[in-house]
> 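Okay, handing you the structure first.
Below, chains carry the letters A, B, ... as their sequence lines are ordered, and counting in each starts from 1. Here the structure is a predicted model, which means the values were calculated and not measured.
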2 protein chains.
Amino acid sequence: MDSSFLLLPDAPAYARSRNPQFPANAADVSMHLRRYGARQRIFTAGDAARAIHEVAQGCVLVSRHLRDGRRQIIDIVGPGRLFGFALNHHSCTAEAIVASMVCSLDRDTAQASPAIAPRVHAAILRELDHMRDLAVILGRKSALERVATLLMALAGEETHRPVHLLLPISRTEMADYLGLTIETVSRSLSRMKQTGLISFRDAESIQVLNPDELRSIAQEALEDAA
Amino acid sequence: MDSSFLLLPDAPAYARSRNPQFPANAADVSMHLRRYGARQRIFTAGDAARAIHEVAQGCVLVSRHLRDGRRQIIDIVGPGRLFGFALNHHSCTAEAIVASMVCSLDRDTAQASPAIAPRVHAAILRELDHMRDLAVILGRKSALERVATLLMALAGEETHRPVHLLLPISRTEMADYLGLTIETVSRSLSRMKQTGLISFRDAESIQVLNPDELRSIAQEALEDAA
DNA sequence: CGGTACTTTGACCAAATTCAATCACTGTGG
DNA sequence: CCACAGTGATTGAATTTGGTCAAAGTACCG
């Protein structure tokens, strides 16, 4: 998690595994790798969308804001994932959640590259589907279901054995992602702890004891023909 | 709204104005125009995503379902707009809400066409942004704000004068789109009626009396650099 | 005219928010 | 090294919002 600088083609396994194809070749396009401190913004709502970005290291939070300060976190982006897709101007703000390395690539350059363009296209479609997941979470799930869904997303899809999670986000961020308040998130986690689904001593280090049960609470959407 | 069959290049003004570029030329690609009856499905979650679709006439509803039947409507697609973007398989179900004409185009063909591909790309990015709007609605807005947001979206962005809306959707569909129940939607509309923001005699024909006030209730997200 | 489907309204209830207090951990200065 | 702010998390009590259940109301259709 802390191998200081990394050039993207030499990204560590955990990054490559998430998105094995990007970037295909750092040499043939104009990209730059930049460090952002915690809470530092990568772009802000209203900015022209000139580049696409990849998290090389750390974690980036993409969010929208209402005038009165209410915030909806749209995406939590970990290493290997792309973000910052927009037609003309960003409607979201992206900020590093912890000190992070972000690789940015001119959008037109990316579009012109036959190696990269289709991969960006695929990433956009994945992002779109992810947003649909979020709509279901926010529109139709209870507080407990929302928190369970987030935990299972962080745990990864396929686990049946207990997993240990290091949460990249605070309770406030969980709440703003799940459309809840910190108190409700905290209560949901406490309830899960009490019923033996998870365990934790400190807030950011959670043991998922029963992934199958948690997944069933999470109410994954159905993907089958009915 | 009812000019029976139409070939897409001759789409009526209201369709062209929404998306003037698609399809560029019906002759040079393999597309077909098909009629769907009310409640008829265009595709179902789990289906392979082989085509992209455009509503030529009518209205299509894209939604996701949880196992227990809860539904989240993801998009309400009117004439001129594209839908059915997915990487491999659809995670959503699309159905005609009323008898509709839908123009479908093989995805690979569309990707291969230099005239069409960039327009599809733009439509996908618009869709993505629309989904982010929805996330804000569902995650951070009150019932009244949600209903106001929907009405203003249907009214169009720029209106200051009173507008007349013919709702393409029922209360149930409004509710499933806004993450509410029909009762709450109905109460919100009644409250708006009582406060003189809107008026209506029958459920699907609504007069927006005060667009500016309604817009301010809707709490549009901010798009400016802060 | 009667039936069905959809909407509205009301009364009550439950879930989540709000407000407030306490707790736990971190870092700072005496 | 320890006391003490300061921050974030948890827990509790009261309140609010929206959901549930039930009863009318309204329009449409045979």
> Can you check whether any acceptor in the base of dC25(C) is under 3.5 Å from a donor in the side chain of E204(A), or vice versa?
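Per atom types, no contact qualifies.
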> Would you kindly compare R140(A) and F200(A) by the position of their nearest DNA chain D nucleotide and give the one closer to the 5′ end?
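It is F200(A) whose nearest nucleotide is closer to the 5' end.
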> Side chains of S205(A) and H164(A): donor-acceptor distance under 3.5 Å anywhere?
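The answer is yes; a qualifying pair exists.
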> Calculate the interatomic distance between Q194(B) atom CD and dG10(C) atom C1'; express it in whole Å.
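Spelled out: CD on Q194(B) to C1' on dG10(C) is 14 Å.
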> Measuring from the side chain of S170(B) (C-beta onward, heavy atoms only), which nucleotide among dG18(D), dT7(C), dA9(D) has the closest atom?
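The answer is dT7(C).
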> In terms of the nearest nucleotide of DNA chain D, which residue is placed more toward the 5' end: T181(B) or D202(B)?
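Its nearest nucleotide being more 5', the pick is T181(B).
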> For the side chain of S142(B), counting heavy atoms from C-beta on, which of dG18(D), dT7(C), dT11(D) is nearest?
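When the side chain of S142(B) is considered, dG18(D) is the closest of dG18(D), dT7(C), dT11(D).
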> Using the side chain to side chain contact (heavy atoms under 4.5 Å, CB included) rule, pick out the option among D176(A), L150(A), I73(A) that qualifies with I169(A).
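The passing option is L150(A).
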> Check the distance between dA16(C)'s P and R171(A)'s CZ and give it to me in whole angstrom.
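It is 17 Å, rounded to the nearest whole Å.
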> M174(A) has an atom CE; how far is it from atom P of dA9(D), in whole Å?
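So the CE-P distance, M174(A) to dA9(D), works out to 10 Å.
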> Tell whether R201(B) reaches the base of dT8(C) with its side chain through a donor-acceptor pair below 3.5 angstrom.
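No, no donor-acceptor pair under 3.5 Å.
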> Using a 4.0 Å heavy-atom cut-off, does L180(B) contact any base of the nucleic acid, only the sugar-phosphate backbone, or nothing at all?
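Sugar-phosphate contact only - L180(B) comes under 4.0 Å of backbone atoms but never of a base.
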> Please determine, for the side chain of T172(A), which listed nucleotide (dA9(D), dT17(C), dT9(C)) has the closest atom?
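For the T172(A) side chain, the nearest candidate turns out to be dA9(D).
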> Tell me whether S186(A) contacts the main-chain N or O of I182(A) through its side chain, where contact means a donor paired with an acceptor under 3.5 Å.
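Looks like no, no N/O pair under 3.5 Å.
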> Over how many whole Å does the gap from L189(B) atom CG to dT9(C) atom P extend?
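Between P of dT9(C) and CG of L189(B): 10 Å.
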> To the nearest Å, how far apart are I182(B) CD1 and dT7(C) P?
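From I182(B) CD1 to dT7(C) P: 7 Å.
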> Side chains of L151(A) and L165(A), heavy atoms from C-beta outward: is any pair under 4.5 Å?
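With C-beta onward as the side chain, the pair touches.
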> To the nearest angstrom, how far is K193(B) atom NZ from dT7(C) atom P?
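Checked: the NZ to P distance equals 13 Å.
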> Expressed in angstrom and rounded to an integer, what is the separation of L178(B) atom CG from dT17(D) atom C1'?
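Interatomic distance, CG of L178(B) to C1' of dT17(D): 16 Å.
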> Could you check whether T184(A) gets within reach of a base, just the sugar-phosphate, or nothing at all, counting any heavy atom under 4.0 Å?
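If one applies the 4.0 Å heavy-atom cut-off, T184(A) turns out to touch a base.
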> Return the nearest nucleotide to the side chain of S190(B); candidates are dT9(C), dA16(C), dT11(D).
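Of the candidates, dT9(C) comes closest.
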> Can E213(B) and M192(B) be said to form a side-chain contact (heavy atoms from CB on, under 4.5 Å), step by step?
CA-CA 11 Å; E213(B) 178 64 10; M192(B) 288 177 185; over 6 Å; no
> Is there a donor N/O on one and an acceptor N/O on the other, under 3.5 Å, for the side chain of R187(A) and the base of dG12(D)?
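When only heavy-atom distances are counted, R187(A) does reach the base of dG12(D) through a donor-acceptor pair under 3.5 Å.
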> Given atom CG of D176(A) and atom P of dG8(D), what is their separation to the nearest angstrom?
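These atoms are roughly 13 Å apart.
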> From the set dT8(C), dA16(C), dT10(D), return the single nucleotide nearest to any side-chain atom of S186(A).
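Side chain of S186(A) sits closest to dT10(D).
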